[in-house]
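Here the structure comes first, spelled out in structure tokens, and everything after it is commentary.
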Amino acid sequence: MDLQDARAATIRDREDVWPDTVRLQGFTYDSLHENGELQERSVERRVAWIRRHPGYAAQPYEQLAAWYRQIGHDDDARRVLLVKQRHRRKTLGLPARLWGHLLNAAVGYGYRPWLAGVWIAALILLGTTVFSAHSPRPTEPGQVPPFNAFVYTLDLLIPIGGLGQRTSWYWQGGSPSWLAYTLIAAGWILTTAVLAGITRTLNRN
């Protein structure tokens, strides 16, 4: 079925009549109906419809997301755009694909920013647990604030600024030292992913 660059006020279709290939690049519409009913909660089925287009094309995803926004289903629109980014990732080179996987895991390409909070909470729990079971050394004995495993972990995850714990205490090797380096790196990665995701979303809007 070739619908490329076509225009329809209303689509009335059924899943059982879809051919294996549906060319949708440039196809626009105002509403979707199936069996006489307005299609509002059919994200998975509509995405499956788009995936019958050969290769990757952004426009069919954008059109479907615009339709969901039009009827007030912003969450569904974000789900469609998230699937679009995951599909696009398969067309990229290896470095871009790896970065795409990271963005997807960290913030869902900016469409699921709450994921960053989940990662941060998990890392804070890990750091607090591990650091509470070990004793670091003060950088300046007698002149530093008391060690607090929770605040120390949070300090490691904050890329800019600080809470005074990271510069006051250090580890002499071992697993706590490696975990501290890992948390610093994770803090930068999560911050970069969040900013990249927010920028992508704002540019799209």
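All figures in this text were calculated on a predicted structure; none of them were measured in a lab.
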> Checking Trp49 side chain against Trp18 main chain: does a donor-acceptor pair fall under 3.5 Å?
Replying inline: no
>> Just verifying a value: how many Å separate Leu98 CG and Leu94 CG, rounded to the nearest 0.5 Å?
In response: 4.5 Å
> Which residues pass the side-chain hydrogen bond (donor to acceptor under 3.5 Å, both in side chains) test with Arg78, sequence neighbours left out?
Replying inline: Asp75
> Got a second to check how far Arg46's CZ is from Trp67's CH2, nearest 0.5 Å?
Replying inline: 10.0 Å
> Quick one: CZ on Arg88 to OH on Tyr61, what's the gap to the nearest 0.5 Å?
Replying inline: 12.5 Å
> Who passes side-chain contact (heavy atoms from CB on, under 4.5 Å) against Arg86, sequence neighbours left out?
Replying inline: Leu82, Arg89, Asn104, Tyr109, Arg112
> Given Asp76 and Val80, is the side chain to side chain contact (heavy atoms under 4.5 Å, CB included) satisfied, shown in steps?
Replying inline: CA-CA 6 Å; Asp76 290 335; Val80 171; 5.6 Å; no
> In terms of hydrophobic clustering (I, L, V, M, F, W, Y; side-chain heavy atoms under 4.5 Å; direct or indirect links), are Trp169 and Leu126 co-clustered?
Replying inline: yes
>> Among residues at least two apart in sequence or on other chains, which ones pass side-chain contact (heavy atoms from CB on, under 4.5 Å) with Ala58?
In response: Tyr56, Lys84
Pair up each side-chain donor or acceptor in residues 176-192 with any protein partner under 3.5 Å, not counting sequence neighbours, and list the distances.
residue : atom : partner : partner atom : Å
Thr182  : OG1  : Trp178  : O            : 2.9
Thr191  : OG1  : Gly187  : O            : 2.8
Thr192  : OG1  : Trp188  : O            : 2.8

>> For a 4.5 angstrom cut-off between non-hydrogen side-chain atoms, does Gln85 reach Tyr111?
In response: yes
> Just by distance, do the side chain of Arg23 and the backbone of Pro54 share a donor-acceptor pair under 3.5 Å?
Replying inline: no
>> Test of understanding: with side-chain contact (heavy atoms from CB on, under 4.5 Å), list the residues that count as partners of Gln25, not counting sequence neighbours.
In response: Gln4, His53, Ala57, Gln59, Pro60
> For Trp114, which fellow cluster members are found when Ile, Leu, Val, Met, Phe, Trp and Tyr are connected by side-chain heavy-atom distances below 4.5 angstrom, either directly or through intermediates?
Replying inline: Leu115, Val118
Distance-only criterion, 3.5 Å: show the donor-acceptor pairs between side-chain atoms of residues 136-164 and protein atoms not counting sequence neighbours.
residue : atom : partner : partner atom : Å
Arg137  : NE   : Gln172  : OE1          : 2.5
Arg137  : NH2  : Gln172  : OE1          : 3.3
Thr139  : OG1  : Thr167  : O            : 3.1
Thr139  : OG1  : Ser168  : O            : 3.2
Asn148  : OD1  : Phe150  : N            : 3.0
Asn148  : OD1  : Val151  : N            : 2.9
Tyr152  : OH   : Trp171  : NE1          : 2.9
Thr153  : OG1  : Thr128  : N            : 3.3
Thr153  : OG1  : Ala149  : O            : 2.8
Asp155  : OD1  : Leu163  : N            : 3.0
Asp155  : OD2  : Leu163  : N            : 3.2
Asp155  : OD2  : Gly164  : N            : 3.2
Asp155  : OD2  : Gln165  : N            : 3.0
Asp155  : OD2  : Arg166  : N            : 2.9

> Do you know which two heavy atoms are closest between His134 and Ser175, and how far apart they sit?
Replying inline: NE2-OG, 4.4 Å
>> Once side-chain hydrogen bond (donor to acceptor under 3.5 Å, both in side chains) is applied, do any residues pair with Asp30, and if so which ones, sequence neighbours excluded?
In response: Arg7
